[in-house]
Amino acid sequence: MLTINFLREHPAAVIERLKIKNFDATQIVAHVLDLDRRRRELQSEGDAIQAELNNLSREIGSMMKDGRKEEAEDAKKGIGKLKERQKQLSDAFDAASGEMQNEIIRLPNIPHPRVAPGKSAEDNVVVRGGGRIPELYPGAVPHWDLIKKYDIIDFELGIKITGAGFPVYKGKGAKLQRALINFFLDEGEKGGYREIEPPIVVNEDSGFGTGQLPDKEGQMYHVGIDNLYMIPTAEVPITNIYRDVILEAADLPIRNMGYTPCFRREAGSWGAHVRGLNRLHQFDKVEIVQIAHPERSYDSLEEMVNHVESLLKKLDLPYRIVRLCGGDMSFTSAMTYDFEVYSAAQQRWLEVSSTSNFESFQANRLKCRFREKGAKQTTLCHTLNGSALALPRIVASLLENNQTPEGIRIPEALIPYTGFELIS
RNA sequence: GGAGAAAUGGCAGAGUGGUCGAUUGCGGCGGUCUUGAAAACCGUUGUCCGGGCGACUGGACCGGGGGUUCGAAUCCCUCUUUCUCCGCCA
């Protein structure tokens, strides 16, 4: 959520820069500024009346104390009218601020100046890449065949127990999950991240804080009886640790990470593209989150990008890093890098991480602020997060790229975690 | 799940209808003293929204929401959370 102060001070710039996201903000901004003006007028008038009422009450108080009963009764006479007017004003104020809030919430985050314009993924900028795309042997097959062949992931069983998109990992398949999770967490710890094990259902306030609510409730599983949401990513609970918190500048940046299962309804997105592990309702992910000083948040972003890249290097996967263009970026992001690994049998790039700087967009919803040492006023923090990493597509590409006639080779770095070198 | 008690500033903890944004202690910050530090003493110390170039100034906030009243931290309703006891239990 953009701050009203920023909108008030730079309306033209907001409109201009949101064009990069293909968003025409002209009407909303005009409407917001209008409501803001109205809201302030109403508040001034309402405050004046409240001040008058407060004074009257105080006077009546001292009259009663002195036993001047009649005088007090006299003073009460004008109050009804004032209160009536006050009620009108406060209703109008509530309406104006509520509407203003609803309008502001519709504005996406402003992209960083370095974000390229563009309509879709085609316009994303490949920043760099690494690894080697393997030559597969003639009998090579996609991962959905491999998992059956070696009986390591079972979709049918998942359908029986739960439904489509809830795979059951078995034997070495299950152990591979655990190995990857531990590997990612250990690497994160080396990178300075504190491990968090958060709840995997959250309340409405948390959903609002990170921007899932009110817009994207269709994406989340909702536990109706308790009004809780199953998290689509650990970003939600881990970032919400800092909701309504005022930090010291010296504490920044704060680095946290957590492994959680993630739940996504993915309504209406099933089809040929999303076969096998490419898209699931439940999957495992290690997420890294930073709370940063606004002047240094892009250093944090770079640090996070380098961290994610190091994971892909260690897993020996062919990857590329793309900076998303305006049209492909999420509503809440100011700058996003996607990481893709090449899945050799499917012959496509699969997104395995999205690492973003949200600047103050989430922090404003969260009311996550910091104070410079000795300063009186608070400033919004910047929040960032990134997958490090999401498992299913890593597994898909790992299985496909490393298949041999003898079985699937486990990357060197992972062997200490799996305890086996080959899935056969 | 049942019964009872409670929720106040960073923390502890007063305050049961009238000048209370709130006594006090601790902590924090600044100062005096000291070569320096500690102790002692003095001062200061919340968040948010308005108005003003500014000095400054109006308003809101005592778990959330609603109500009674000229006036609510204080009374009433409701929700949430915590604690104690009972029940159940990884």
Side-chain angles (χ1 to χ4, degrees), chain A residues 1-9 32-105 197-209 213-214 223-229 237 240-252 254 360 363-381:
Chain A
M1 184 168 74
L2 299 176
T3 65
I4 182 61
N5 286 340
F6 190 82
L7 279 165
R8 206 184 284 151
E9 281 158 36
V32 165
L33 293 183
D34 199 51
L35 288 164
D36 179 48
R37 228 169 285 126
R38 180 162 167 70
R39 179 185 66 105
R40 282 148 72 199
E41 281 166 16
L42 288 165
Q43 182 178 346
S44 288
E45 200 181 334
D47 282 358
I49 289 181
Q50 185 64 56
E52 204 177 331
L53 283 168
N54 288 347
N55 284 331
L56 277 171
S57 294
R58 231 166 280 152
E59 281 168 32
I60 292 171
S62 62
M63 287 172 195
M64 299 293 265
K65 213 179 223 170
D66 300 347
R68 291 179 285 158
K69 264 213 150 143
E70 277 135 57
E71 254 179 279
E73 287 307 317
D74 233 34
K76 282 188 195 179
K77 277 183 185 149
I79 280 176
K81 237 187 190 142
L82 277 174
K83 287 189 90 171
E84 206 174 296
R85 177 71 185 140
Q86 187 199 31
K87 175 91 174 105
Q88 283 171 4
L89 287 166
S90 89
D91 286 350
F93 174 84
D94 289 348
S97 12
E99 199 181 341
M100 185 179 86
Q101 172 85 353
N102 288 339
E103 288 292 286
I104 292 180
I105 255 175
E197 186 180 306
I200 59 173
V201 290
V202 295
N203 59 27
E204 248 175 300
D205 286 347
S206 293
F208 177 83
L213 297 174
V223 186
I225 194 167
D226 293 308
N227 195 24
L228 296 172
Y229 294 86
N240 269 283
I241 292 173
Y242 300 95
R243 171 154 49 84
D244 290 319
V245 168
I246 298 174
L247 297 155
E248 306 260 337
D251 296 336
L252 304 174
I254 293 172
S360 60
N364 188 32
R365 291 178 155 229
L366 291 160
K367 304 225 180 321
C368 171
R369 292 158 291 173
F370 74 97
R371 208 189 324 253
E372 299 286 358
K373 194 172 168 62
K376 205 170 155 58
Q377 86 188 95
T378 60
T379 312
L380 290 172
C381 298

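Keep in mind that the numbers below use all heavy atoms, side chains included, and drop hydrogens, waters and symmetry copies.
Phosphate contact (OP1/OP2 of B:G71, side-chain N/O of A:Arg58, threshold under 4.0 Å): absent. Put simply, A:Arg38 has no side-chain N or O that comes within less than 4.0 Å of OP1 or OP2 on B:G50. Listed pair A:Asn54 / B:G59 meets the phosphate criterion, a side-chain N or O lying under 4.0 Å from OP1 or OP2. Taking 4.0 angstrom as the limit, A:Lys83 places a side-chain polar atom (N or O) nearer than this to OP1 or OP2 of B:G71. Between A:Arg40 and B:C49 there is no side-chain N or O to OP1 or OP2 distance below 4.0 Å.
Backbone-only engagement by A:Ile79 is indicated by non-hydrogen atom pairs under 4.0 Å involving sugar-phosphate atoms exclusively. As judged by a 4.0 angstrom heavy-atom cut-off over every strand, A:Arg8 is placed among residues touching the sugar-phosphate backbone only. A:Gln50 comes within 4.0 angstrom of the backbone, heavy atoms only, and of no base. Nucleic acid contact class of A:Thr378 (heavy atoms, under 4.0 Å, all strands): sugar-phosphate only.
Taking atom CG of A:Leu53 as the reference point, atom C1' of B:G58 lies 13 Å away to the nearest angstrom. One atom, CD of A:Gln377, and another, P of B:C49, lie 11 Å apart when rounded to the nearest Å.
B:U44 and B:U24 have their P atoms separated by 11 Å, with the value rounded to a whole Å. When the C1' atom is used for both B:U45 and B:G36, the distance is 27 Å, rounded to whole Å.
Panel note: side chain A:Asn55, backbone A:Ala51; a donor-acceptor pair is recorded below 3.5 Å.
Comparing B:U19, B:C49, B:U47 by their closest approach to the side chain of A:Ser62 singles out B:U19. Of the candidate nucleotides B:G50, B:G58, B:C70, B:G58 has the atom lying nearest to any side-chain atom of A:Ala51.
Of the N and O atoms on the side chains of A:Arg40 and A:Gln43, not one donor lies less than 3.5 Å from an acceptor on the other residue.
By the 4.0 Å N-to-carboxylate-O rule, A:Arg38 lies too far from A:Asp34 to be salt-bridged with it.
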